[in-house]
2 protein chains.
Amino acid sequence: MKIGELAKRTGLSASKIRFYEDIGLLKMVERKANGYRSYPKEAEVVLNLIVSGQQAGFSLDELKALLPADLSGWQHAHLIDALKQKVMDIEQLQAKLAENKQRLTAILAEIDAKPDDMDCADNAKRVLTQMGLKNDK
Amino acid sequence: MKIGELAKRTGLSASKIRFYEDIGLLKMVERKANGYRSYPKEAEVVLNLIVSGQQAGFSLDELKALLPADLSGWQHAHLIDALKQKVMDIEQLQAKLAENKQRLTAILAEIDAKPDDMDCADNAKRVLTQMGLKNDK
DNA sequence: CTTGACCTTAAAGTGAGCTTTAAAGTTAGA
DNA sequence: TCTAACTTTAAAGCTCACTTTAAGGTCAAG
């Protein structure tokens, strides 16, 4: 498979695929007689895995450490640990977001409860202060 | 309040606080006779808001558009719109995170299901393939 | 009156994750 | 055979979010 086809199949730009090769992230590539890159079908899987990993919050360096050069060289324990750590990270973020959201909706309710009888600037100040001060986690 | 104290209070570096001012994100600052920056207590609130917003996935540019120049300049309607927008953004982020987490836990379950009895390379290949295919959203 | 901890600035540097550019070679189709 | 759409490279450029550097000014304590 040439780079153009791989690019289309994965939705990534060719330059991005070459870049991943440059930094040692995508090693599954050979060269044809004309110098063109030639990819095995597994390259598509690995690229999808890279995109997945990025979406899950892994940096390219982290992925480089996690991904095997070839599919059979994969370290189980290491990967599992990393995945578990990432899930925990996500859980922390979820908790934080839930808290932020809850806080915002509470503030909205509070504002709705005090419509136009209170001074607007004072109300805004009060509300913002509450937002800010609760942020010291 | 001088910049050093504000830095300590917020846990941010002084250079970061100056940088936020440079890009027009933190406008609540005056100058003393000696040229030193002087911050009102509200600056701490705003900086906490900025940190909050970043943690929730907002870029500094987005925050710049969202945050008021001064606290009293926030109009009631504007405030409500911004908060509602933020809640919606948080909901989007929550959905994204849930998806990522679900993906990772699925992968973990997949690996745990076939421990050491299966050929390692084949297991890796199978798991990777599933990850890859689940990524075509 | 000196020391050291603060504060100031503009400009350059950093690192991640790319894209763009330029100049060239290759190939498939009409 | 010509053309258009590929492919190659190294190097430079870009955005974001900062930090670092260099060269200086201010201030409180001893």
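All values below were derived from every heavy atom in this structure, side-chain atoms included, with hydrogens, water molecules and symmetry-related copies excluded. Here is how names work: the chains are called A, B, and so on, in the same order as the sequence lines, proteins then strands, and each is numbered from 1.
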- request: Just report the end-to-end axis angle for the helix from C:dC1-D:dG30 to C:dA30-D:dT1, five pairs per end, to 10 degrees.
  value: 0°

message: Quick check for you: name the first and last nucleotides of DNA chain C, 5' to 3', having an atom under 4.0 Å from a heavy atom of chain A.
response: C:dG17 to C:dT27

query: Backbone N or O of A:I23 within a donor-acceptor pair of the A:K64 side chain at under 3.5 Å?
result: yes

message: Strictly distance-based, threshold 3.5 Å: is any side-chain N or O of A:E62 a donor or acceptor partner for the main-chain N or O of A:S59?
response: yes

Tell me the interatomic distance from [X], atom [atom1], to [N], atom [atom2], rounded to whole angstroms.
{"X": "A:R37", "N": "D:dC6", "atom1": "CZ", "atom2": "P", "answer": "16 Å"}
{"X": "B:F19", "N": "D:dT15", "atom1": "CZ", "atom2": "P", "answer": "14 Å"}
{"X": "A:I17", "N": "D:dC6", "atom1": "CD1", "atom2": "P", "answer": "14 Å"}
{"X": "B:I3", "N": "D:dT19", "atom1": "CD1", "atom2": "C1'", "answer": "14 Å"}
{"X": "B:K16", "N": "D:dT20", "atom1": "NZ", "atom2": "C1'", "answer": "14 Å"}
{"X": "A:R31", "N": "D:dT7", "atom1": "CZ", "atom2": "P", "answer": "12 Å"}
{"X": "B:I50", "N": "D:dA17", "atom1": "CD1", "atom2": "P", "answer": "12 Å"}
{"X": "B:D22", "N": "D:dC18", "atom1": "CG", "atom2": "P", "answer": "13 Å"}

- request: Could you tell me which residues satisfy side-chain hydrogen bond (donor to acceptor under 3.5 Å, both in side chains) with A:Y20, sequence neighbours excluded, listed by chain and number?
  value: A:Q54

message: Please enumerate all residues that pass side-chain hydrogen bond (donor to acceptor under 3.5 Å, both in side chains) together with B:S38, with sequence neighbours excluded.
response: none

field: Heavy-atom closest pair, residues B:S13 and B:A7
entry: C-CB, 4.3 Å

message: Taking any heavy-atom pair under 4.0 Å as a contact, classify B:I23: base, sugar-phosphate, or nothing.
response: nothing

message: Counting the atoms with a prime plus P, OP1 and OP2 as sugar-phosphate, which does B:R18 contact under 4.0 Å by heavy atoms, base, sugar-phosphate, or nothing?
response: base

How long is the gap from [atom1] on [X] to [atom2] on [Y], to the nearest 0.5 Å?
{"X": "A:L63", "Y": "A:L25", "atom1": "CG", "atom2": "CG", "value": "6.0 Å"}
{"X": "A:K8", "Y": "A:E44", "atom1": "NZ", "atom2": "CD", "value": "13.5 Å"}
{"X": "A:D22", "Y": "A:K16", "atom1": "CG", "atom2": "NZ", "value": "14.0 Å"}
{"X": "A:R9", "Y": "A:L12", "atom1": "CZ", "atom2": "CG", "value": "13.0 Å"}

task: Please check the phosphate of D:dT19 (OP1 and OP2 only) for any side-chain N or O of B:S15 closer than 4.0 Å.
output: yes

field: Set of side chain to side chain contact (heavy atoms under 4.5 Å, CB included) partners for A:Y39, sequence neighbours left out
entry: A:M1, A:I3, A:L6, A:I17, A:E21, A:L26, A:V29, A:R37, A:A43

Residue pair B:F19, B:L60: steps toward the side-chain contact (heavy atoms from CB on, under 4.5 Å) verdict: CA-CA 11 Å; B:F19 170 71; B:L60 296 186; 3.8 Å; yes

message: Using the rule that Ile, Leu, Val, Met, Phe, Trp and Tyr join whenever any side-chain heavy atoms are under 4.5 Å apart, tell me whether B:V51 and B:M28 fall into a single cluster.
response: yes

query: With nearest nucleotides of DNA chain C determined for A:S13 and B:A14 from heavy-atom distances, which residue corresponds to the more 5′ nucleotide?
result: B:A14

- prompt: Quick one: what's the B/S/- string for nucleotides 22-30 of chain D, heavy-atom cutoff under 4.0 Å, read 5' to 3'?
  reply: ---BBS---

